[in-house]
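Working notes for the structure below.
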Amino acid sequence: MYETADADPEAFWAAEAQRLDWIRPWDRVLDWDPPFARWFVGGRINASVNCLDRHAKGPRRNRAAIVWEGEPGDRRVLTYHDLWREVGRMGNALRGLGVRKGDRVTIYMPMIPELPAAMLACARIGAVHSVIFGGFSARAIRDRMEDAESRILVTADAGYRRGNVLPLKRIADEAVAGLDLVEHVVVYRRAGVDVAMSEGRDHWWHELAAAADSRCEPEPMEATDPLFILYTSGTTGAPKGIQHSTGGYLVGVAATTRLVFDLRDDDLYWCTADCGWVTGHSYIVYGPLANGASVFMYEGAPDWPAPDRWWRMVEDYGTTVLYTAPTAIRAFMRSGDEHPKKHDLSSLRLLGTVGEPINPEAWRWYHRTIGGGRCPIVDTWWQTETGMILITPLPGVTTTKPGSATRPFPGVAAEVVDDRGRPVPVNTGGYLVITKPWPAMLQTIFRDPERYKDVYWSKVPGKYFTGDGARVDEDAYFWLMGRIDDVINVAGHRIGTMEVESALVSHAAVAEAAVVGKPHPLKGQSLVAYVVLKAGGTQSEGLTKDLQKHVREVIGAIAVPDEVYITSKLPKTRSGKIMRRVIRALVSGQEIGDTTTLEDPGAVDEVRKWLAEVEGDPPR
Ligand code: PRX
């Protein structure tokens with residue numbers, strides 16, 4: 001497969017595309033007008049038809065599409081036919097609210113089956129969904145809705161997290177208050193808590209569904225029409241709306257799900273991500289459902305009510321494939337072997353990881369304690385932008401090395417290069433770039449093609465710049481070394497340091513801020529903030545807490561710095577740029593490599609002195 005795909009990638013992807021149901025066949029597999037790729041040009045397809053109708057009409061009709069457990073322990077199973085019906089109803093309901101092809105619909109929901117159903121309902125009628133992770137704040141929802149010019153919001157009354165009721169509707173109300181563009185809010189009743197319903201604007205999901213027909217004519221989409229946008233952090237203050245296509249994206253995620261997870265008919269496949277991240281889009285919803293798989297979904301916290309929650313569920317439901325993040329593995333490892341050992345995990349046959357490099361120790365623990373030494377581990381490297389897994393072992397084919405994502409997927413071409421785009425020698429660090437287009441690649445940044453060109457295609461001309469550092473070893477295996485830009489990976493979530501800085505600066509007391517990442521035993525990295533107060537600002541007891549609370553309100557809990565230091569100045573280059581790279585390296589305890597780009601090599605000493613001063617003070 002590797003050889004065939006290498007020899008003719010377009011033919012390889014065309015063969016994968018043949019496995020899907022097309023309304024009209026494509027004329028050309030790929031139009032490549034760098035850096036814009038158009039896959040399956042002329043082809044028409046509907047993603048929800050591929051994820052639902054073709055299974056609901058065949059022998060998989062009564063097979064479980066989603067097996068779900070809520071945090072309080074409630075259980076539901078939706079067959080392919082059930083899910084098809086619900087999606088059809090919501091498709092019609094959304095059309096009834098005036099949603100048309102190309103309109104953006106924002107989804108802010110807990111991890112309940114209605115979240116994939118809402119996504120697929122959008123796909124059915126050609127609306128472009130923008131899912132926002134349930135941990136984001138009202139302000140973050142508002143910014144994203146404004147950027148997407150989204151008139152519709154789909155949410156729930158509340159969700160459960162660690163025994164608490166998360167008031168999603170209340171947060172949603174705050175997000176859309178005074179936002180004139182918002183016309184309708186659809187509310188699913190999950191927790192049965194009291195919520196304010198605004199007459200004319202707010203609609204109960206169950207009432208809309210009850211009044212709607214389950215047969216919903218699918219919108220014939222051009223393969224190149226957008227399926228969704230998903231906001232992710234970059235190196236500036238504003239998140240980017242990553243825009244994905246319909247046809248190419250679906251081909252990419254369907255093929256990788258089938259091959260990387262070696263899907264079988266008797267699998268119960270569990271990807272532990274939240275649908276609010278790309279992993280949930282590609283490997284809970286579109287990839288597995290396009291393959292007719294049975295997907296397990298869990299609503300709540302991994303350690304609730306006890307640290308064996310996941311393992312109890314693996315045993316209860318007979319999960320066969322488990323795909324999760326290294327940060328979760330490290331947390332379980334720390335909480336002790338006795339929790340997984342209480343349960344029979346012998347149904348598992350394959351394990352996966354995603355989101356950050358996995359340290360060999362955690363890899364071995366996962367292999368031994370969870371996989372019983374029996375299950376291959378697929379360490380999958382990819383990004384929101386790549387849409388699909390790009391570097392990964394194929395189970396049973398690739399000999400794995402703990403800590404390496406191994407090789408590019410068939411048909412994918414990756415390289416590690418230096419500053420000038422030249423491949424670096426074996427075992428030398430450099431920038432990871434992708435040298436050929438792949439079907440699930442982002443189409444652009446929503447309404448900002450210039451930023452798309454600039455961020456991804458200008459650093460190394462002609463090649464997709466991933467923002468990750470990597471090296472390739474003597475066996476041509478890739479070892480990911482983390483981000484080389486101002487993006488930080490905290491517990492497998494991408495946080496832009498500039499985003500956190502601008503949140504801090506929006507606090508009335510703050511003049512300037514610098515945020516860097518620091519190694520953290522569980523989260524991979526944690527955020528450290530250095531803050532300069534405005535003239536006259538006073539360091540009070542509660543200020544640090546107040547700043548943390550402020551970041552939580554502006555972005556969400558995931559972006560709150562663990563440490564906040566108040567300082568009188570920040571170290572800067574002569575041109576006035578904060579020396580973030582030097583601070584980061586010193587905070588991480590790394591040796592400073594190349595300081596040639598610094599205008600002032602003495603800067604390192606200066607920052608070292610500065611850090612000693614700042615951190616010599618107890619955190620306030
Ligand atoms: O740094 C890489 C890291 O996660 C980044 C992408 O983050 P996001 O767009 O949020 O998507 C996460 C889920 C795909 C990458 O730039 N990353 C992802 N997978 C791995 C990884 N780093 C090392 N090994 C991986 N397997």
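Numbering starts at 1 and runs along the sequence shown. Order of appearance sets the numbers: ligands from 1, and atoms from 1 within every ligand.
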Report task. Write out all pairs satisfying side-chain hydrogen bond (donor to acceptor under 3.5 Å, both in side chains) with one or both partners inside residues 250-263, taking only residues at least two apart or from two chains. Result -> Glu16-Arg258, Thr256-Tyr283, Asp262-Arg264
Query raised in the report: For ligand 1, which atoms sit closer than 4.0 Å to a heavy atom of Asn489?
Result: 3 (C), 4 (O)
Report summary line: Going by the 4.0 angstrom heavy-atom rule, the piece of Glu356 near ligand 1 is backbone
**Report entry** The one among Trp277, Tyr283, Trp382 that brings a heavy atom closest to atom 18 (C) of ligand 1
**Finding:** Trp382
Query - Thr380, any N or O under 3.5 Å of ligand 1 N or O - result: yes
Query raised in the report: Is any side-chain heavy atom of Tyr286 closer than 4.5 Å to a side-chain heavy atom of Cys51?
Result: yes
Query raised in the report: Going by distance only, is there an N or O of Glu385 that falls short of 3.5 Å from an N or O of ligand 1?
Result: no
Report summary line: Residue pairs passing the side-chain hydrogen bond (donor to acceptor under 3.5 Å, both in side chains) test with at least one member in residues 432-445, sequence neighbours excluded, are Gln243-Gln443
Query raised in the report: Is the NZ or CZ atom of Lys401 positioned over Tyr477's six-membered ring, under 6.0 angstrom from the centre and within 45° of the axis?
Result: yes
Requested in this report: Consider ligand 1: state whether an atom of it lies below 4.0 angstrom from any non-hydrogen atom of Ala405.
Outcome: no
Report task. Run down the list Ile484, Asp468, Thr466, Ile495 and name the one with the heavy atom closest to atom 1 (O) of ligand 1. Result -> Asp468
Query raised in the report: Can the ring centres of Phe228 and Tyr249 be said to be less than 6.0 Å apart?
Result: yes
**Report entry** Nearest option to atom 13 (C) of ligand 1, as decided by whichever heavy atom of Ile488, Ile358, Ile391, Thr279 sits closest
**Finding:** Thr279
